[in-house]
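Take a look at the structure set out below.
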Amino acid sequence: MNSTQLPVAIVKGVLGACRSRTVLLVAGLASVLLWLGVPTELLAAVTGSPPAAASTALDGGLSGIAAPELTAADYPSIRGVNARVAVWLVAQLHLWFAAFVLAVPIFVFIIEAIGMKTRDKRYDDMAYEFIKISITAYSLTAILGGLLLFSLIVFYPDLFSYLSRIFGESMFYYALAFFAESAALYLYYYGWHWLQGGFRKWLHLTVGLVLNAVGTTLMFLANGWVTFMMSPAGVDPAGLFAGDAWTAMHNYLWNPINLHRFIANIAYGGSIVGAYAAFRFLSATRPEERAHYDWMGYNANFVAILALLPLPFAGYYLAAEIYAYSQQMGITLMGGIFAWLFIIQAVLIGTLFLSANYYLWCGMGRSDGAARYHCYIKYLAIAIIGSFLVWFTPHTLVLTNEELKALGGPYHKYLGPLGIMPAKNTAVNIMILATAVSFLFYRRSNRIATVSWVKAGNAAQLALYTAGIANLLFLGIYHGYFTNTVYKVAASIPQVMTTLIIIVVSITLDSLMYRGAREVAPLNWGRVPNRAQYALFLLAVAFTWLMGLMGYIRSGIRQHWHVTDVFRDASPDAYTPTLGYAANVVSVGTIAFMVLVIFVFWLSQVSGRRTPSEGFWKGAAG
Amino acid sequence: MTYQRLRVPRLAQLVLVIGGTYGGFWLIFDLWLGQPIPRSLMGMYMFFVVVGVLMVFTATEKSTGQLVGPIRALVEDPARRWLRNVVFTVVPALAALGVYLQMQPSDEPPLELRSIHPAPPSSVKIFGKRYDLMSLENPYRHLEKDDPEQFRELVAAGGEVYIRNCQYCHGDKLDGKGPYAQGLNPVPLNFQDIGTIAQLQESFLFWRIATGGPGLPKEATPWISSMPVWEDFLSEEQIWQVILYLYDYTGHRPRSWGHE
């Protein structure tokens with residue numbers, strides 16, 4: 001073996017081990033630990049801390065699981081390791097990879113189904129390439145999951161013990177489902193070329209469906225544990241948990257988180273795959289390779305945008321439910337200490353929209369027929385940037401004394417009203433509609449409609465958008481500023497419906513108009529500037545950063561509670577860190593994740609390389 | 001006679017659009033409305049305006065070429081050596097001047113990120129009793145429908161409490177411009193603003209009025225609010241009455257989850 005083969009062999013060996021043994025080992029160990037309920041007693045013995053005050057029968061005759069009352073001494077420490085930051089980063093990295101490996105199979109399933117329907121093998125090849133990437137990411141997810149489990153057991157033994165007493169049953173099923181997911185994933189990946197054609201293809205697609213169903217179930221189970229810590233259910237006024245695992249899981253915020261994470265995962269998966277395509281496009285040397293990865297990047301971006309459009313609504317639903325669950329939590333979230341992180345969140349969401357639109361505008365250059373629509377780009381940009389400025393205008397301003405006096409108070413008379421949700425809901429709906437128009441222009445770029453009612457169709461679309469935006473403004477201004485809170489929050493639903501109806505109707509109308517359309521200039525895949533690929537990268541980085549930031553906020557609004565109002569956090573880290581510190585931790589996590597993802601991308605290239613080894617093997621030629 | 005259309009170079013167009021937007025903000029907010037945009041916000045606005053303009057100007061290859069062409073020529077063309085030297089001297093010098101002006105020590109106190117609406121605790125002890133702020137409601141609110149006459153009397157009583165105690169800071173028009181307001185920092189809240197009491201439940205107001213500045217949670221630091229602890233001066237009934245008055249006078253509705 002020569003010097004260049006050795007690293008490849010090592011990498012392949014490590015990969016092979018990761019794919020099979022590590023995954024099984026970590027999952028097996030986790031399930032055994034959870035099943036046996038080891039943590040409390042074992043950790044009490046190991047750490048010397050008293051067993052958690054979890055009891056099933058109390059002196060007063062009450063029964064249930066009581067949250068232990070801890071002191072700082074009950075939290076084990078390792079010299080040189082900050083427990084909170086360690087668990088924070090590992091949990092976040094695990095979640096990023098988990099989101100990726102849950103999302104990519106959904107994406108792959110859809111692409112495979114499209115390929116099956118259209119009989120276009122390019123879709124099938126693209127789907128296979130994606131699932132190949134997710135296999136490596138799956139190993140990393142499992143490794144990080146194991147690391148998270150051990151970090152919790154080591155640093156927060158009493159919390160883990162308390163949660164495992166409540167969720168022991170669901171944790172056991174989680175471990176079983178993990179085996180099922182692994183089995184489905186390996187069958188789906190390794191059986192790809194075997195299960196081709198006719199009934200076999202149907203069988204393969206069914207395995208993909210099972211894989212997605214199990215993956216989504218896994219996420220819902222883990223969401224139950226996380227949301228119980230935010231909005232505990234089944235706990236009586238004395239703080240005793242008296243329900244079963246289902247009661248705890250089916251808590252107030254479980255479904256809002258389920259919905260939000262499900263949609264976000266699809267968008268996130270699209271963005272990461274888009275970054276992969278951009279990576280391959282930029283490193284491609286042959287025109288056909290550039291064309292392939294350009295096409296792949298476009299499809300990934302399309303999926304990411306499609307899932308991104310309803311995401312703000314799911315996020316708003318979650319925030320509204322948090323407010324409804326607890327005024328204290330709601331104000332902490334959006335009016336208190338975390339409010340400024342929401343401004344960063346708004347900036348990042350706006351960046352997603354800007355990146356996605358810029359990619360579409362640059363992509364119009366693939367066809368010479370797009371020149372007709374270039375003059376409209378500036379108007380779309382005005383709508384998007386204008387809405388974006390409203391979207392991130394804060395309610396509480398950072399003012400110098402001089403500015404404070406000039407304004408006559410801490411609020412700006414004209415910009416202040418833009419700081420509350422009705423203005424932001426209206427702005428984000430308009431941003432979404434402008435993105436839909438960018439997409440329509442892109443679709444039309446290489447074709448001319450030939451139906452007789454083209455003028456009427458265009459006029460109808462113009463009227464639809466005009467009426468829709470007028471309705472959004474009316475709902476946002478009237479219900480947002482001149483009615484009771486309940487109507488203000490409720491007005492977001494007709495706003496969402498308005499936007500969705502406009503998008504669905506206009507795309508349907510456009511499809512009918514362009515049925516049998518004449519192609520004026522072909523779409524030249526690969527003829528797209530490199531800067532468009534950097535927009536795809538930006539999309540993935542902004543998504544990752546955003547998830548990290550919002551993950552911290554979601555967890556941080558519990559403040560000094562492990563389980564809100566039930567189980568107090570007595571560790572030395574039971575305080576809310578400064579905004580700058582939190583942002584730095586999230587940024588370090590984002591960089592670490594992106595480095596790992598680029599490593600995964602690189603591995604996918606390495607596995608396809610062959611180095612000639614003439615004269616190395618006995619009796620073998622070449 | 002033919003007229004040739006004046007073509008402004010793409011780079012100049014970019015500078016004009018960005019400069020025009022900045023000028024527009026200044027004209028509208030500073031000159032016309034008299035409410036300048038704070039520097040921190042203006043910085044964010046202009047950053048994304050520049051991003052947006054760059055996106056439009058580089059969306060097509062032709063436009064990008066027109067924009068980048070003069071810059072490339074400036075860097076590469078040997079005939080423009082003198083101009084290049086001037087630009088390469090002036091631009092860093094301007095950047096250095098900007099940094100110097102920003103870093104220059106001043107008498108201005110550092111900016112503070114203060115939570116105007118700190119999150120309330122789940123429960124609070126006032127008047128020797130413990131109140132659950134999650135479920136606490138104004139005991140007189142139901143009279144608005146059940147007994148409008150008595151409700152009007154309570155609002156009037158609340159108005160009297162307000163004029164005797166609150167208007168010195170918060171103003172007789174509830175706009176935060178009372179006679180003492182100019183001497184306070186942070187300035188008293190403007191209840192007319194849609195972003196203040198209209199966003200809050202009545203239990204929040206009860207907590208803030210009763211416990212005042214000293215009752216602010218640690219999160220709201222720096223603790224510099226001058227709001228007195230009104231539970232030392234007013235009765236529980238008077239606090240609820242003044243809350244009725246605040247909403248009645250401003251026309252806002254308290255945040256609630258029930259249909260009217």
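Order of the sequence lines fixes the chain letters, A, B, ..., with proteins taken first and strands second; residue numbering starts at 1 for each chain. Treat the numbers as computed from the prediction; the structure is a model and nothing was measured.
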Check whether Ile343(A) gets within reach of chain B through its side chain, its backbone, both or neither, counting any heavy atom under 4.5 Å. side chain
Taking 4.0 angstrom as the limit, do Arg531(A) and Glu61(B) come out as a salt bridge? yes
So, using ring pair (Phe, Tyr, Trp, His ring centres under 6.0 Å) as the criterion, who are the partners of Tyr45(B) when residues are at least two apart? Phe392(A), Phe25(B)
Any side-chain heavy atom of Met44(B) sitting closer than 4.5 Å to one from Val347(A)? yes
Sort Val53(B) into side chain, backbone, both or neither according to what part of it lies under 4.5 angstrom from a heavy atom of chain A. neither
Hey, which residues of residues 14-21 of chain B are touching chain A, say heavy atoms under 4.5 Å apart? none
Min side-chain heavy-atom separation Thr64(B)-Pro529(A) under 4.5 Å: no
Report the option among Thr393(A), Leu389(A), Ile385(A) that has the most heavy-atom pairs separated by less than 4.5 Å from atoms of chain B. Leu389(A)
Of the backbone (N, CA, C, O) and the side chain (C-beta and beyond), which part of Asp193(B) lies under 4.5 Å from a heavy atom of chain A, both, or neither? side chain
Within 6.0 angstrom of Phe537(A) CZ, more than 12 heavy atoms from elsewhere: yes
Residue Glu137(B) excluded, over 12 heavy atoms near CD under 6.0 Å: no
Out of Gly34(B), Gly176(B), Pro36(B), return the one with the most heavy atom pairs under 4.5 angstrom to chain A. Pro36(B)
What is the distance from atom CG of Leu354(A) to atom CE of Met55(B), rounded to the nearest 0.5 Å? 4.5 Å
Heavy-atom distance under 4.5 Å between the side chains of Gln35(B) and Leu407(A), does that happen here? yes
Part of Ala339(A) lying under 4.5 Å from any heavy atom of chain B: neither
Structural part of Phe57(B) lying under 4.5 Å from a heavy atom of chain A: neither
Check the surroundings of atom CD in Gln104(B): do more than 12 heavy atoms from other residues, nucleotides or ligands lie under 6.0 Å from it? yes
Measuring only between side-chain heavy atoms, which start at C-beta, is Ser40(B) closer than 4.5 Å to Leu397(A)? no
Picking from Asp175(B), Val49(B), Thr60(B), which has the most non-hydrogen pairs under 4.5 angstrom with chain A? Thr60(B)
Part of Ile28(B) lying under 4.5 Å from any heavy atom of chain A: neither
Note: vs chain A, highest number of non-hydrogen pairs under 4.5 angstrom among Ala59(B), Gly52(B), Gly251(B) is Ala59(B)
Is there a donor-acceptor pair closer than 3.5 Å between any side-chain N or O of Glu403(A) and the backbone N or O of Pro38(B)? no
So which residues of residues 414-428 of chain A are in contact with chain B at a heavy-atom cut-off of under 4.5 Å? Tyr414(A), Leu415(A), Pro417(A), Ile420(A)
Residues of residues 373-383 of chain A contacting chain B, heavy-atom criterion under 4.5 Å, by residue number: His374(A), Ile377(A), Lys378(A), Ala381(A)
Rounded distance (nearest 0.5 Å) linking atom CD of Gln328(A) with atom OG of Ser203(B): 11.0 Å
If I measure from the heavy atoms of chain A, does Leu41(B) come under 4.5 Å with its side chain, its backbone, both, or neither? side chain
Look at atom CZ of Arg372(A) and say whether more than 12 heavy atoms of other residues, nucleotides or ligands are closer to it than 6.0 Å. yes
Whatever's closer than 4.5 Å to a heavy atom in chain A on Gln192(B) counts as neither
Other residues, nucleotides, ligands: >12 heavy atoms within 6.0 Å of Phe29(B) CZ: yes
